[in-house]
**Q** 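My questions all concern the structure below.
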Amino acid sequence: MNDFPSSEPASVSPQTFRLGSVPYLNAAPLTWRLEEIAAENQVTFLRENAIPSLLAKKLVAGEYDVALIPVAEALRHSELVQVSDVCIASEGAVGSVKLLSRQPLGQIQTIALDEASRSSAAMTLIYLHERIKNFPQAVPLKWSELLPEASENIDFSDSHFLRALGESLAAREIDAILLIGDVALKIPHQVPSFPYQIDMGQAWTQWIGLPFVYASWFTRRDVDGERLSWIFNEARRASQVEMDILILHEAMKNHLPLDLCYDYLNFKIRYRLGGRERRGVEVFGKMAQKYGLIPLGAGLEFEANRKRFAHNSSQGS
């Protein structure tokens, strides 16, 4: 149930928005019928896919009007505002954010971080710092160096890749690696090269007791987000109605087992930014500030809070 009733935007004049999204499985329910619903409301999206951290840079630079970006990136930029009640979040095991380590967590000295998603990287560092009391050196994950023979066709359901990755990390004296997205989903439960495997979504929720929000739709303050909000919310609702069809489509497109996609999209990922999710972002933000991962005083302007403030102001006037 929404915090405020959703209503179709009054304006029907044609609009075009430059939109940035990601090519990952977890975003499929947010973009499933996005262009179709937008067209029905006289909106055209010029959509481009890129890694989350690059999307944030382009949104801030004005190359996009709206983008699905990491919460950690949005917290760094006060000119960005969250739009719609849509997000990518998890409460418990997520499957697509995994820390693989050759050492117990307290003995990790060097960790390779996939910087494609700054939220997952920041969450992992905060967990190690605050929960484990370990402060390892973070190094950027560069597949071209770690697995040069793999190119872009990395499939960790193949034990060869995991064994080669373990050997490559050991040669560089790197103890652990953070893997995110569709790549992480394929990792088997038991990996001889990495005796310590942590699902970071599960670790975070067990520790904090709240969901973790990885990304949401954001615009700049100079962009009118009213119609965008309605379209994004409608796209999310449409995907929930057609989830079985969506799952079959995504499993075939991404060459993933049907049961894995079903479990991931139905039970692992959450798509609505409710009160618990907002509270989770606030807790994450305070911890990220403590360790210098985002600027002091940083915070997000949630659409629900803006609506509540506007509603209360109108009632009081």
Side-chain angles (χ1 to χ4, degrees), residues 51-57 59-60 69-82 87-94 96-142 169 172-181 184 196-216 218 273 276-302:
I51 62 172
S53 54
L54 180 58
L55 292 177
K57 291 180 180 178
L59 178 60
V60 171
I69 69 170
V71 165
E73 287 288 356
L75 282 163
R76 294 188 176 98
H77 300 282
S78 60
E79 69 269 36
L80 300 182
V81 294
Q82 189 268 335
C87 70
I88 295 175
S90 68
E91 185 164 11
V94 66
S96 54
V97 184
K98 292 179 180 176
L99 178 65
L100 304 184
S101 179
R102 301 186 297 112
Q103 305 289 346
L105 298 191
Q107 298 178 24
I108 296 173
Q109 297 185 33
T110 307
I111 178 172
L113 295 176
D114 188 334
E115 294 185 325
S117 177
R118 302 290 172 78
S119 294
S120 298
M123 172 179 66
T124 301
L125 289 176
I126 290 169
Y127 183 84
L128 291 173
H129 294 349
E130 191 78 6
R131 180 68 168 168
I132 308 300
K133 307 303 178 185
N134 184 17
F135 298 81
Q137 176 188 358
V139 298
L141 190 165
K142 296 182 179 179
L169 291 175
R172 291 166 173 77
E173 298 184 341
I174 298 175
D175 298 317
I177 186 169
L178 178 69
L179 299 178
I180 66 166
Y196 305 93
Q197 181 179 153
I198 308 296
D199 184 303
M200 292 308 304
Q202 182 175 37
W204 182 270
T205 299
Q206 287 179 341
W207 174 39
I208 301 298
L210 289 166
F212 188 86
V213 180
Y214 303 93
S216 185
F218 286 87
L273 190 70
R276 285 176 54 77
E277 284 75 22
R278 293 195 295 273
R279 178 58 182 154
V281 172
E282 291 167 357
V283 171
F284 167 73
K286 290 177 180 178
M287 291 186 176
Q289 291 177 54
K290 178 179 178 179
Y291 292 103
L293 299 174
I294 63 173
L296 289 174
L300 289 186
E301 184 173 319
F302 296 109

**Q** Nearest 0.5 Å please: distance from the CD1 atom of Ile132 over to the CD atom of Gln107.
**A**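 Rounded to the nearest 0.5 Å, the CD1-CD separation comes out at 12.0 Å.
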**Q** Check whether any side-chain heavy atom of Leu178 sits under 4.5 Å from a side-chain heavy atom of Met200, and report yes or no.
**A**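 The answer is yes; the side chains approach within 4.5 Å.
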**Q** For the pair Ser119 and Phe212, evaluate side-chain contact (heavy atoms from CB on, under 4.5 Å) and give the outcome as yes or no after the intermediate values.
**A** CA-CA 9 Å; Ser119 294; Phe212 188 86; 4.1 Å; yes
**Q** I'd like a table of donor-acceptor pairs (distance under 3.5 Å, sequence neighbours excluded) in which one partner is a side-chain atom from residues 283-292, with atom names and distances.
**A**
unit_1: Gln289; atom_1: OE1; unit_2: Gly297; atom_2: N; d: 2.7
unit_1: Gln289; atom_1: NE2; unit_2: Gly285; atom_2: O; d: 3.4
unit_1: Gln289; atom_1: NE2; unit_2: Ala298; atom_2: O; d: 3.0
unit_1: Lys290; atom_1: NZ; unit_2: Glu130; atom_2: OE1; d: 3.0
unit_1: Lys290; atom_1: NZ; unit_2: Glu130; atom_2: OE2; d: 3.1
unit_1: Tyr291; atom_1: OH; unit_2: Glu130; atom_2: OE1; d: 2.2

**Q** Could you measure the distance from the CG atom of Leu75 to the CD atom of Glu282? Nearest 0.5 Å is fine.
**A**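 Going from CG on Leu75 over to CD on Glu282, the span is 10.0 Å.
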**Q** Take Glu91 and Thr205, measure what side chain to side chain donor-acceptor pair (under 3.5 Å) needs, and give me the verdict at the end.
**A** CA-CA 6 Å; Glu91 185 164 11; Thr205 299; 5.8 Å; no
**Q** Determine, stepwise, if the pair Phe135 / Ile108 fulfils side-chain contact (heavy atoms from CB on, under 4.5 Å).
**A** CA-CA 8 Å; Phe135 298 81; Ile108 296 173; over 6 Å; no
**Q** Indicate the atoms forming the closest heavy-atom contact of Pro211 with Arg276, along with that distance.
**A**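 Scanning both residues, the minimum pair turns out to be CD-O, 3.7 Å.
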**Q** Below 4.5 Å, heavy atoms only, C-beta onward: do Gln103 and Asp175 meet side chain to side chain?
**A**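 Gln103 vs Asp175: side chains touch.
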**Q** Please check if the distance between the ring centroids of Trp204 and Tyr127 is under 6.0 Å.
**A**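 Between Tyr127 and Trp204, which both carry aromatic rings, the centre distance is not below 6.0 Å.
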**Q** Shortest non-hydrogen contact from Ala72 to Ile294?
**A**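 The answer is O-CG2, 3.9 Å.
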**Q** So if I apply the side-chain contact (heavy atoms from CB on, under 4.5 Å) rule between Tyr214 and each of Val97, Ile180, Val71, which one comes out positive?
**A**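 Only one of Val97, Ile180, Val71 forms a side-chain contact (heavy atoms from CB on, under 4.5 Å) with Tyr214, namely Val97.
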**Q** To the nearest 0.5 Å, tell me how far Arg172 CZ sits from Lys142 NZ.
**A**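 Between atom CZ of Arg172 and atom NZ of Lys142 there are 11.0 Å.
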**Q** So do Ile111 and Gln137 actually touch side chain to side chain, heavy atoms under 4.5 Å?
**A**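 Result no, sub-4.5 Å side-chain heavy-atom pair not found.
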**Q** State, yes or no, whether a side-chain contact exists between Leu141 and Leu179 at a heavy-atom distance under 4.5 Å.
**A**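 When only atoms from C-beta onward are counted, Leu179 and Leu141 do touch, with a gap below 4.5 Å.
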**Q** If every non-hydrogen atom of Glu73 is compared with every non-hydrogen atom of Ala56, which pair is closest and at what distance?
**A**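 Heavy-atom minimum between the residues: CB-CB, 3.6 Å.
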**Q** Are any side-chain N or O atoms of Arg76 and backbone N or O atoms of Leu293, one a donor and one an acceptor, separated by less than 3.5 Å?
**A**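 Such a contact is found between Arg76 side chain and Leu293 backbone.
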**Q** Do Ile177 and Leu99 touch side chain to side chain, with heavy atoms closer than 4.5 Å?
**A**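 No; the side chains remain at least 4.5 Å from each other.
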**Q** I'd like to check Leu80 versus Ile69 (side-chain heavy atoms, cut-off strictly below 4.5 Å). Are they in contact?
**A**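 A side-chain contact exists here, since the closest heavy-atom pair is under 4.5 Å.
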**Q** Mind running side-chain contact (heavy atoms from CB on, under 4.5 Å) on Phe218 and Leu300 for me, showing each step along the way?
**A** CA-CA 10 Å; Phe218 286 87; Leu300 289 186; 3.9 Å; yes
**Q** Between the side chain of Asn134 and the main-chain N/O of His129, is any donor-acceptor distance below 3.5 Å?
**A**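 No.
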**Q** Hey, mind stepping through Phe302 and Leu273 against side-chain contact (heavy atoms from CB on, under 4.5 Å) and telling me if it holds?
**A** CA-CA 9 Å; Phe302 296 109; Leu273 190 70; 3.7 Å; yes
**Q** Can you name the nearest heavy-atom pair linking Leu113 to Ala138, along with the distance?
**A**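 Closest pair (atom of Leu113, atom of Ala138, distance): CD1-CB, 3.7 Å.
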**Q** Specify the closest pair of heavy atoms between Gly201 and Ser90, including all atoms of both residues, with the distance to one decimal.
**A**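 Nearest heavy atoms, Gly201 then Ser90: CA-OG, 4.1 Å.
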**Q** Flag the pair Glu173 / Gln109 as yes when at least one side-chain heavy-atom distance between them is below 4.5 Å, and no otherwise.
**A**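 No, every pair of side-chain atoms sits at 4.5 Å or beyond.
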**Q** Any side-chain heavy atom of Glu301 sitting closer than 4.5 Å to one from Gln82?
**A**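 When only atoms from C-beta onward are counted, Gln82 and Glu301 do not touch, as no gap falls below 4.5 Å.
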